[in-house]
Trainee: 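Shown below is the structure under consideration.
Remember, it's 1-based here, ligands and their atoms both numbered in the order they're listed. Note that this is a predicted model, so its numbers are computed, not measured.
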Amino acid sequence: MLEIKELSIGLDEQHIVKHASFLIKHGKISTMIGESGSGKSLTLLAILGMLPKEMRVSGDILFGVRSLFGMSVEELHSFRRDEVFVILQDAFNSFNPSVRLGKQLFALSEGKRTIGYSTFLERMSPIFSRLHLSNDVCEKYPFELSGGMLQRCMIACALYKKPSLLIADEPTSGLDLYSQKAFIKTVVEMNREMGTTIFLITHDIDVVKELADEVIVMFQGAVVESGKSDILLNSPKHSYTKQLVNSSFRMVE
Ligand SMILES: Nc1ncnc2c1ncn2[C@@H]1O[C@H](COP(=O)(O)OP(=O)(O)O)[C@@H](O)[C@H]1O
Ligand SMILES: [Mg+2]
């Protein structure tokens with residue numbers, strides 16, 4: 001689905017991401033794991049064409065056979081609007097604090113606005129129930145909900161929108177264990193039921209163990225190994241991956 005080829009990102013004299021190559025395979029759950037500051041979020045911004053202007057970028061990112069770097073502004077906009085849904089770590093900052101959630105969820109889910117708000121609510125209602133949210137959240141402002149509930153609002157939009165690719169950057173950081181589990185369960189269901197391709201960025205090896213088909217290990221700006229999760233986790237090659245695997249104590253159910 002996406003092929004990242006020799007992606008490098010730099011700023012002034014700094015080489016932040018170095019020749020990163022990896023695949024996000026169609027219909028699979030790919031996870032990128034790496035310590036804080038290893039360049040995961042910048043790699044994601046490169047995929048979205050949203051890197052800060054002052055950063056240098058080289059290499060290529062292919063969506064199918066087309067290079068994202070060769071796309072016009074309109075094409076890139078349509079890729080982001082129609083194909084991808086992105087969930088960021090901090091759900092609170094993903095919303096406008098002074099606008100009621102209903103209006104924001106409508107905009108996030110129905111970018112093209114070919115239907116009215118009441119039809120949107122009718123269609124969203126069963127998705128809310130599935131995520132244990134009530135329709136009342138639409139009347140609320142972001143600060144009136146917990147981080148876990150806001151993250152569930154985001155995933156509600158993703159379920160509504162049915163993107164071909166769902167990207168989530170550290171979506172479970174800062175959430176309580178219940179919300180973490182619920183998030184992971186929903187993502188797996190999206191993948192199994194709708195065939196959504198998932199790209200999930202995390203620093204939590206237990207999240208990787210629970211849901212990954214494919215793993216990409218990022219260390220100091222470089223992809224040090226990648227491949228099928230069962231093989232990679234059972235016989236890690238790079239010392240950083242070995243350390244990660246050994247540091248995990250939680251049993252996988
Ligand atoms: N806007 C920015 N300007 C300058 N440096 C940045 C910027 N964003 C990130 N960096 C630097 O790039 C490196 C990688 O950042 P990031 O991709 O956010 O890491 P990760 O998501 O893996 O924690 C870090 O050292 C960070 O300080
Ligand atoms: Mg990050």
Trainee: In terms of ring plane angle, is the pair F106 and F120 parallel, tilted or perpendicular, where the classes change at 30° and 60°?
Mentor: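 Geometry flag for F120 against F106: tilted rings.
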Trainee: Any protein heavy-atom neighbour for atom 26 (C) of ligand 1 (distance below 4.0 angstrom)?
Mentor: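 No.
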Trainee: Of the protein's non-hydrogen atoms, which lies at the shortest distance from atom 6 (C) of ligand 1, and what is that distance?
Mentor: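 Protein heavy atom at minimum distance: M55 CE, 3.8 Å.
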Trainee: How far apart are the closest heavy atoms of E210 and I184, and which atoms are they?
Mentor: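 Looking at all heavy atoms of both residues, the shortest contact is OE1-CG2, 4.2 Å.
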Trainee: Is the H238 ring parallel, tilted or perpendicular to the F219 ring (thresholds 30°, 60°)?
Mentor: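 The rings of H238 and F219 sit tilted, inter-plane angle from 30° to 60°.
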Trainee: Residue-level breakdown please: for I16 versus ligand 1, do any non-hydrogen atoms fall below 4.0 Å on the side chain, on the backbone, on both, or on neither?
Mentor: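 Only the side chain of I16 comes within reach of ligand 1.
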Trainee: Give the residue and atom name of whichever protein heavy atom lies nearest to atom 4 (C) of ligand 1, and the separation in Å to one decimal.
Mentor: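 Heavy-atom neighbour on the protein nearest atom 4 (C) of ligand 1: L11 CD2, 3.3 Å.
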Trainee: Report yes or no: does E193 contribute a side-chain atom to a donor-acceptor pair with the main-chain N or O of M190 at less than 3.5 Å?
Mentor: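 Judged by distance alone, no pair lies under 3.5 Å.
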Trainee: So E3 and F22, do their side chains get closer than 4.5 Å, heavy atoms only?
Mentor: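 Of all side-chain heavy-atom pairs linking E3 with F22, none is under 4.5 Å.
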Trainee: To which protein heavy atom is atom 18 (O) of ligand 1 closest, and what is the distance rounded to 0.1 Å?
Mentor: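 I find the closest protein heavy atom is S41 CB, 3.6 Å.
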Trainee: Going by atom types alone, do E35 and H203 pair a side-chain donor with an acceptor below 3.5 Å?
Mentor: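 Per modelled atom types, E35 and H203 side chains form no pair under 3.5 Å.
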Trainee: For P52 and ligand 1, does the shortest N/O to N/O distance drop below 3.5 Å?
Mentor: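 N/O-N/O distance below 3.5 Å does not exist for this pair.
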Trainee: Any atom of ligand 1 sitting under 4.0 Å from a heavy atom of S36?
Mentor: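 Per 4.0 Å heavy-atom rule, S36 contacts ligand 1.
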Trainee: Do E83 and S164 meet the criterion of a side-chain donor-acceptor pair at a distance under 3.5 Å?
Mentor: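 Yes, S164 and E83 have a side-chain donor paired with an acceptor closer than 3.5 Å.
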Trainee: For residues Y240 and E225, is any side-chain donor paired with an opposing acceptor at under 3.5 Å?
Mentor: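 No donor-acceptor contact under 3.5 Å links the two side chains.
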Trainee: Please write down residue, atom name and distance for the protein heavy atom closest to atom 17 (O) of ligand 1.
Mentor: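 Checking every protein heavy atom, the shortest distance to atom 17 (O) of ligand 1 gives L42 N, 2.9 Å.
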Trainee: Under a 4.5 Å side-chain heavy-atom rule over Ile, Leu, Val, Met, Phe, Trp and Tyr, are Y178 and L145 clustered together?
Mentor: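 Y178 and L145: separate clusters.
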Trainee: Of all the non-hydrogen atoms in the protein, which one sits nearest to atom 24 (C) of ligand 1, and at what distance?
Mentor: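 Sorting protein heavy atoms by distance from atom 24 (C) of ligand 1 puts G37 O, 3.9 Å first.
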Trainee: Looking at ligand 1, is there an atom of it that comes within less than 4.0 Å of some heavy atom belonging to E35?
Mentor: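 In this structure, E35 qualifies as a contact of ligand 1 - some heavy atom is under 4.0 Å.
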Trainee: Check whether any N, O or S atom of S36, backbone or side chain, sits closer than 2.8 Å to the Mg ion (ligand 2).
Mentor: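 It does not; every qualifying atom lies at 2.8 Å or beyond.
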Trainee: Do L159 and L131 touch side chain to side chain, with heavy atoms closer than 4.5 Å?
Mentor: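 Yes - at least one pair of side-chain heavy atoms lies under 4.5 Å apart.
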Trainee: For ligand 1, is any non-hydrogen atom under 4.0 Å from D169's backbone (N, CA, C, O), its side chain (CB onward), both, or neither?
Mentor: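 Answer for D169: neither.
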Trainee: Suppose we measure from atom 19 (O) of ligand 1 to each protein heavy atom; which comes out shortest, and what is that distance?
Mentor: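 Nearest protein contact, heavy atoms only, for atom 19 (O) of ligand 1 is G39 N, 3.3 Å.
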Trainee: Looking only at distance, does Q14 have an N or O less than 3.5 Å from an N or O of ligand 1?
Mentor: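 Such a contact does not occur with ligand 1.
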Trainee: Decide whether an N or O pair under 3.5 Å exists between T43 and ligand 1.
Mentor: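 No, since none of the N or O atoms of T43 sits under 3.5 Å from an N or O of ligand 1.
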